[in-house]
Each structure stands twice: as C-alpha cells, then as structure tokens.
Asker: 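This is the structure I want to talk about, given as structure tokens.
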Amino acid sequence: MPEGHTIHRLAKDQTRLLVGRTVRVTSPQGRFADGAARIDGTVLESVEAYGKHLFHWWGTGEIGHVHLGLFGKFRVERSDAVPPPAGEVRMRMVTGGGSEPFTTVDLSGPTACSIDPPEVRAAIIARLGPDPLRRDAKPAVAIERMARSRQPIGALLLDQSVIAGVGNVFRAEALFVNRIDPRRAGRACPEPDLEALWRTIVAMLRKGVREDRIATVDPSELALPRGRVRRGEATYVYHRDVCRRCGSAIRTVALAGRPCWFCPTCQPR
DNA sequence: AACTCATGCGAAT
DNA sequence: TTCGCCTGAGTTT
C-alpha cells in the first residue's frame, strides 16, 4: 500500500516505537546482513519520511534508506518472546525485553534497504520534488514545473521529481476531484487549477496518513466501513468500472507507463 | 498447486 | 516502451 501517506505513517509509528532506543538490527533472510551488522545495537535517533522514501538516522551517523517499491511491507509485533520470522524478512528491528515486551518491526520485499553515509540521503532528496506532507514543502516549485510542461498532467503527477509521494491511486483520484482530464498537458491547465490540485493532494495524503489507508471518497457521498476497504470501494475512479458521480463507464489511459483511471464525462478534454 | 495481481521504479531496448 | 526485481494475498485450476 505504499504511496507517500504510507511512508509518513510508518515514520510516525516507528518514531513512537523505536526512536531513542537501542535497537537490535538483523537480517533473518540474509540479504541485508552486512548493513544490519553496521548499526546493530546502536540508538535510533529519528525516522524521516520524504515522498516514498523512509530514512532511519542511526547513532553511528549513518542513515538507513528504505524504499518499499510495489511489494514492500512492515509488520509490527509486540510479544513476550521475539517471534520467528514469518516469510522473507529483509530487516528486523527489535527493542524491549527484560521487564517490558519485545517490539519487533519486520521489513519484507523492499526495493531498497541500505545503510549509507548522509550524502546518499541528500542526493536522493535532491532529485525529489516537494513532498505535500512535509512542512518544508514549497508548492510553487511543483506548480511551476507542471505549468511549464508539455507532458500530460497524469504523467507529471507520477514523476517524483515534480511531486514526491503521489502514486497511481492518488493521481487518479486527485484529477477526478478537480475534473481534469489526465491527458491534458500541464501547461494547458490554468494555474488556479494546479493550485487546487496541490491542495487536494495535500488533503488526500493527510487523510491517508490519519486513516492509514486510501479512502478518497467524501464521507457525505458514502458511508465507509471503518476497517480495510476493498479495491475500488472507497475511490471515485481508481479500479472502478462505473463513475460514482455520473454513472459513465470509467476508462483508463496509460500515462507514465501505468493505467490512469478517469471519467470521460466528469473530466472532459 | 498454479496462477494473477498489486498503491514502484530504474535499467535495458 | 518493455523488462526485471522484490513478496504475499487472493483467485483459479
């Protein structure tokens, strides 16, 4: 479930669970054994999210970099004994024990998991656009990029060097809410529309962090179950056959190599 | 048991 | 534009 909201939620949760503590770091699967050994038993100073990247600042001065890709997941377990790893666990972080239960944080399936000098983090951030979930985000940077580009807006939204953190679901949903055809060139979008699009993305991502899921549909339009939602159940167009607003057949168009769902009626050319 | 699919992204073509 | 990689859940044989 990794778009930017997932990463920011992980940063918050892992800050609460692990920061300020001495952490045992291992790689049950083995593929991260060298990295784990470098920081094992040191203190986690902070956890930072930037777009879809997660950074662990370790007491050694080195920085852990995690990118979940499409399949990556974290699992957290609190228990009196450290559980045996379930499935492929690339990185395991454990605190607690003694008088309190163990907290085990397992990472599986990431695209990236490494321990690097600070310059690597700086280089990664340098090639990212503003992250709508960060206080230091400068919306104008993203809006200007889009307003000058002849690329389709649907491609621009997935370009992490334009906006960091938007993925395939939020792209489709934010464009729908703003009634913008994903194929329209960025520079063919009036700037007030691009500003509104940014605000929509901020609101959607924040809600995603709060609820730890993607549920973009306005609650007034749908009573949503509190738990996990099925695909297409809490979206306007993403993975839907029929438009929730007007009943038109939803279409997809490939943009930036991935299908972008849209309503041809609500998002006219 | 086999197969399909997924909210990502960089390298190869 | 396509391919390959990373893993697990859900669906189909």
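Quick note on labels: first sequence line is chain A, next is B, and so on, each numbered from 1. Just so you know, these numbers come straight off a predicted model, no measurement behind them. The analysis underlying the following values was restricted to heavy atoms, covering all of them including side chains, and did not include hydrogens, waters or symmetry mates.
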Asker: Expressed as a whole number of Å, how far does the P atom of C:dC5 sit from that of B:dT13?
Answerer: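 Here C:dC5 and B:dT13 have their P atoms 13 Å from each other.
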Asker: Which of the following nucleotides, B:dA6, B:dC9, B:dG8, is nearest to the side chain of A:Y238?
Answerer: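 Selected nucleotide: B:dA6.
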Asker: Could you note down all residue pairs passing ring pair (Phe, Tyr, Trp, His ring centres under 6.0 Å) where residues 133-182 of chain A supplies at least one of them, sequence neighbours left out?
Answerer: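 Output for this query lists A:H5-A:F170, A:F176-A:Y236.
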Asker: Who pairs with A:H67 by ring pair (Phe, Tyr, Trp, His ring centres under 6.0 Å), at least two apart in sequence or on another chain?
Answerer: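 With sequence neighbours excluded, A:H67 shows a ring pair (Phe, Tyr, Trp, His ring centres under 6.0 Å) to A:H53, given in chain and number order.
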Asker: Among A:W58, A:Y50, A:F55, A:F32, exactly one meets ring-ring contact (aromatic ring centres under 6.0 Å, His included) together with A:H65. Which residue is that?
Answerer: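 Among A:W58, A:Y50, A:F55, A:F32, the one that satisfies the ring-ring contact (aromatic ring centres under 6.0 Å, His included) with A:H65 is A:F55.
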Asker: To the nearest angstrom, how far is A:L157 atom CG from B:dG8 atom P?
Answerer: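 Nearest whole value for this atom pair: 12 Å.
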Asker: Going by salt bridge (charged side-chain N to carboxylate O under 4.0 Å, His left out), name the pairs with one or both residues in residues 167-183 of chain A, residues two or more places apart or in two chains.
Answerer: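 Non-adjacent pairs meeting salt bridge (charged side-chain N to carboxylate O under 4.0 Å, His left out): A:D181-A:R183.
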Asker: Could you list all the side chain to side chain donor-acceptor pair (under 3.5 Å) pairs where at least one residue sits in residues 255-269 of chain A, not counting sequence neighbours?
Answerer: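 Pairs touching residues 255-269 of chain A that pass the test: A:S248-A:T265.
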Asker: Using the P atom on both, measure C:dC6 against B:dA12 and round to a whole Å.
Answerer: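 Pairwise P distance, C:dC6 against B:dA12, rounds to 15 Å.
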Asker: Starting at atom CD1 of A:I124, determine the distance to atom C1' of B:dC9, rounded to an integer number of angstrom.
Answerer: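 From A:I124 CD1 to B:dC9 C1': 13 Å.
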Asker: Could you check which residues of residues 169-188 of chain A get a heavy atom under 4.0 Å from DNA chain B? Sort them by number, please.
Answerer: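 Those residues whose heavy atoms fall under 4.0 Å from DNA chain B, taken from residues 169-188 of chain A in numerical order, are A:V169.
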Asker: To the nearest angstrom, how far is A:Y236 atom OH from B:dT7 atom C1'?
Answerer: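 To the nearest whole Å, that distance equals 18 Å.
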Asker: Quick one: salt bridge (charged side-chain N to carboxylate O under 4.0 Å, His left out) pairs with a partner in residues 45-65 of chain A, sequence neighbours left out?
Answerer: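 Non-adjacent pairs meeting salt bridge (charged side-chain N to carboxylate O under 4.0 Å, His left out): A:R38-A:E62, A:E48-A:R121, A:E48-A:R134.
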Asker: Collect all protein-nucleotide pairs involving nucleotides 10-13 of chain B in which both atoms are nitrogen or oxygen and the distance is under 3.5 Å.
Answerer:
none

Asker: Does anything in residues 88-114 of chain A form a ring pair (Phe, Tyr, Trp, His ring centres under 6.0 Å)? List the pairs, not counting sequence neighbours.
Answerer: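 Those involving residues 88-114 of chain A do not exist here.
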Asker: What is the distance, to the nearest angstrom, from the NE2 atom on A:H65 to the C1' atom on B:dG8?
Answerer: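 Those two atoms, NE2 and C1', are 12 Å apart.
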Asker: What integer number of Å spans the P atoms of B:dC9 and C:dA9?
Answerer: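 Per the computed distance, 22 Å lies between those P atoms.
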Asker: Roughly, in whole Å, what's the span from CG in A:N168 to P in B:dC9?
Answerer: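 So the two atoms are 11 Å apart, to the nearest Å.
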Asker: Is the shortest side-chain N/O distance from A:H67 to OP1 or OP2 of B:dC9 below 4.0 Å?
Answerer: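 A:H67 to B:dC9 OP1/OP2: side-chain N or O found under 4.0 Å.
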Asker: Only pairs at least two apart or in different chains count here, so list each salt bridge (charged side-chain N to carboxylate O under 4.0 Å, His left out) that has a residue in residues 88-112 of chain A.
Answerer: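 Residue pairs with at least one partner in residues 88-112 of chain A: A:R21-A:E100, A:R92-A:D106.
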Asker: Would you give me the side-chain donor-acceptor pairs under 3.5 Å for residues 197-205 of chain A, sequence neighbours excluded?
Answerer:
from   : atom 1 : to     : atom 2 : distance (Å)
A:T200 : OG1    : A:N178 : ND2    : 2.9
A:T200 : OG1    : A:A196 : O      : 3.0

Asker: Just the rounded figure in Å: distance from C1' of B:dT7 to CZ of A:R213.
Answerer: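 For the pair A:R213 CZ and B:dT7 C1', the rounded distance is 15 Å.
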Asker: Determine, for nucleotides 3-8 of chain C in 5'-to-3' order, which nucleotides have protein heavy atoms under 4.0 Å from the base (write B), from only the sugar-phosphate (write S), or from neither (write -).
Answerer: ---BBS
Asker: For residues 140-148 of chain A, dump all side-chain donor-acceptor pairs below 3.5 Å to protein atoms at least two apart in sequence or in another chain.
Answerer:
from   : atom 1 : to     : atom 2 : distance (Å)
A:R145 : NH1    : A:S161 : O      : 3.1
A:R145 : NH2    : A:S161 : OG     : 3.4

Asker: Side chains of A:F262 and A:L175, heavy atoms from C-beta outward: is any pair under 4.5 Å?
Answerer: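 SC-SC contact between A:F262 and A:L175 ruled out.
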